[in-house]
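This one's a predicted model, so the numbers in the text were calculated from it and none came from an experiment. If you read the sequence from its start, that first residue is 1, and numbering goes on from there.
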Amino acid sequence: MKSKFVAVFGLVLKLSVGGVFGQDGKIESDRFRESLSPQGNVSDWAEVFAPEQKADLESRIVAMRQTNGAQLAVVALKSLQGGEIGDFAEKLFAQWGIGEKGKDNGVLLLAAIEDRKMRIEVGYGLEGVLNDAKCGRIQDEYVVPRFKEGNYAQGLLDGADVLLKVMGGE
């Protein structure tokens, strides 16, 4: 009887863990994140930007990067595939190598539209000018109000505008 219980318990445990982790031992969110490659400085898998909005933002990010080397990446996803926004942002930031190596001067503005989650991830080299409190204010004052209106593109554009100004020294 005990061996049957152990066998059944083992099978249940294996099935429940298998539902969370794939055969490769990774959660669905990590496999999804690892499949992503930048589409430039603006990656829009949620299709929130009109082509001209994306192109304009891309050109402004490139201009700022040429001026001082700092890099902003704006990413819009439909979903994190069950992941947690902080973990996803931190891993994506590292995976893509956002910012200059050795200067850690990159910023990631990430939104998962269907999950209603967003995050600003900042490299160590910019934490002096973009600390957690300032990033929280940018989200609360510029991004979230537009998101509440359903205007995700404008929220990301407004947030990116403020981030570019701060990254540029304003």
Side-chain angles (χ1 to χ4, degrees), residues 29 32-170:
S29 178
F32 170 63
R33 178 192 40 78
E34 289 172 357
S35 75
L36 300 176
S37 295
Q39 300 172 340
N41 294 298
V42 182
S43 299
D44 184 16
W45 286 282
E47 300 175 347
V48 297
F49 291 109
E52 58 276 0
Q53 289 174 312
K54 185 176 177 181
D56 178 61
L57 180 56
E58 183 75 37
S59 67
R60 289 185 290 130
I61 293 171
V62 168
M64 192 267 311
R65 190 169 187 188
Q66 290 172 345
T67 302
N68 69 6
Q71 180 184 6
L72 173 63
V74 178
V75 178
L77 303 171
K78 289 182 181 177
S79 170
L80 300 170
Q81 305 295 318
E84 190 275 320
I85 188 77
D87 181 62
F88 194 100
E90 187 178 309
K91 289 178 179 177
L92 187 65
F93 189 96
Q95 176 183 324
W96 286 3
I98 299 169
E100 293 176 301
K101 190 172 180 117
K103 291 188 177 181
D104 291 323
N105 58 352
V107 176
L108 170 64
L109 174 55
L110 171 67
I113 305 305
E114 292 173 4
D115 298 340
R116 301 174 55 90
K117 305 277 185 197
M118 66 144 321
R119 176 148 177 114
I120 300 171
E121 189 71 28
V122 179
Y124 293 121
L126 290 174
E127 282 186 337
V129 293
L130 279 171
N131 58 34
D132 288 343
K134 186 171 275 188
C135 289
R137 280 194 305 278
I138 292 169
Q139 286 179 219
D140 293 345
E141 294 175 21
Y142 298 93
V143 183
V144 172
R146 297 299 191 155
F147 279 19
K148 285 182 177 177
E149 297 168 355
N151 194 344
Y152 302 107
Q154 195 60 55
L156 290 169
L157 291 168
D158 291 353
D161 286 342
V162 176
L163 289 169
L164 287 169
K165 286 176 184 173
V166 173
M167 293 167 72
E170 290 184 35

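A donor-acceptor distance shorter than 3.5 angstrom exists from the side chain of Asn105 to the backbone of Glu100, with no hydrogens or angles considered. Gln71 places no side-chain N or O within 3.5 Å of a backbone atom of Ile98 that could act as its donor or acceptor partner. A donor-acceptor distance shorter than 3.5 angstrom exists from the side chain of Ser29 to the backbone of Leu80, with no hydrogens or angles considered. Under the 3.5 Å distance criterion, the side-chain polar atoms of Glu58 are left unmatched by any main-chain donor or acceptor of Gly40.
In summary, Asp161 and Lys165 do not engage in a salt bridge, as defined by a charged side-chain N under 4.0 Å from a carboxylate O. Taking 4.0 Å as the cut-off between side-chain N and carboxylate O, Lys54 and Asp44 do not count as a salt-bridged pair.
Between Ala76 and Val48 the shortest heavy-atom distance is CB-CG2, 4.0 Å. Contact between Ala153 and Gln53 at its shortest, heavy atoms only, is CB-OE1, 3.7 Å. Taking both residues in full, the closest heavy atoms of Leu57 and Ala160 are given as CD1-CB, 3.7 Å, listed atom of the first, atom of the second, then distance.
A heavy-atom distance below 4.5 Å is found between the side chains of Ser59 and Asp56. Looking only at side-chain heavy atoms (C-beta outward), Ile120 and Val143 stay at 4.5 Å or farther from each other. With contacts defined as side-chain heavy-atom distances shorter than 4.5 Å, the pair Leu77/Leu110 qualifies. Leu163 has its side chain out of reach of Val74: every pair of non-hydrogen atoms, C-beta onward, lies at least 4.5 Å apart. Annotation: side chain of Ser43 is not in contact with side chain of Leu36 (no heavy-atom distance under 4.5 Å). At a threshold of 4.5 Å between non-hydrogen side-chain atoms, the residues Val162 and Glu141 do not count as touching. Met118 places a side-chain heavy atom less than 4.5 Å from the side chain of Leu109.
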Under the side chain to side chain contact (heavy atoms under 4.5 Å, CB included) criterion, do Leu156 and Arg146 qualify, and how do the steps go? CA-CA 8 Å; Leu156 290 169; Arg146 297 299 191 155; over 6 Å; no
Verdict with supporting geometry, Val107 and Val166, side chain to side chain contact (heavy atoms under 4.5 Å, CB included): CA-CA 11 Å; Val107 176; Val166 173; over 6 Å; no
Run Ile113 and Lys78 through side chain to side chain contact (heavy atoms under 4.5 Å, CB included) and show every step you take. CA-CA 5 Å; Ile113 305 305; Lys78 289 182 181 177; 5.9 Å; no
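Note that CG of Asp132 is 7.0 Å distant from CD of Glu127, once rounded to the nearest 0.5 Å. The CD atom of Gln139 sits 13.5 Å away from the CG atom of Asp158 when rounded to the nearest 0.5 Å. Between the CG atom in Asn151 and the CG atom in Leu157 there is a gap of 8.5 Å [rounded to 0.5 Å]. Here the CE-OG1 distance, from Met167 to Thr67, works out to 11.0 Å after rounding to the nearest 0.5 Å.
Checked against side chain to side chain donor-acceptor pair (under 3.5 Å), Asn68 has no partners two or more places apart in sequence or in another chain. Legend: residues meeting side chain to side chain donor-acceptor pair (under 3.5 Å) with Arg119, ordered by chain and number and at least two apart, are Glu121. For the side chain to side chain donor-acceptor pair (under 3.5 Å) test, residues two or more places apart in sequence or in another chain that qualify with Lys91 are Asp30, Asp87. Judged as a side chain to side chain donor-acceptor pair (under 3.5 Å), and not counting sequence neighbours, the contacts of Ser79 are Asp115.
Listed by first and then second residue, the ring pair (Phe, Tyr, Trp, His ring centres under 6.0 Å) pairs involving residues 56-114 amount to none (not counting sequence neighbours). Among residue pairs with one or both ends in residues 138-170, those qualifying as ring pair (Phe, Tyr, Trp, His ring centres under 6.0 Å) are Phe147-Tyr152; sequence neighbours excluded.
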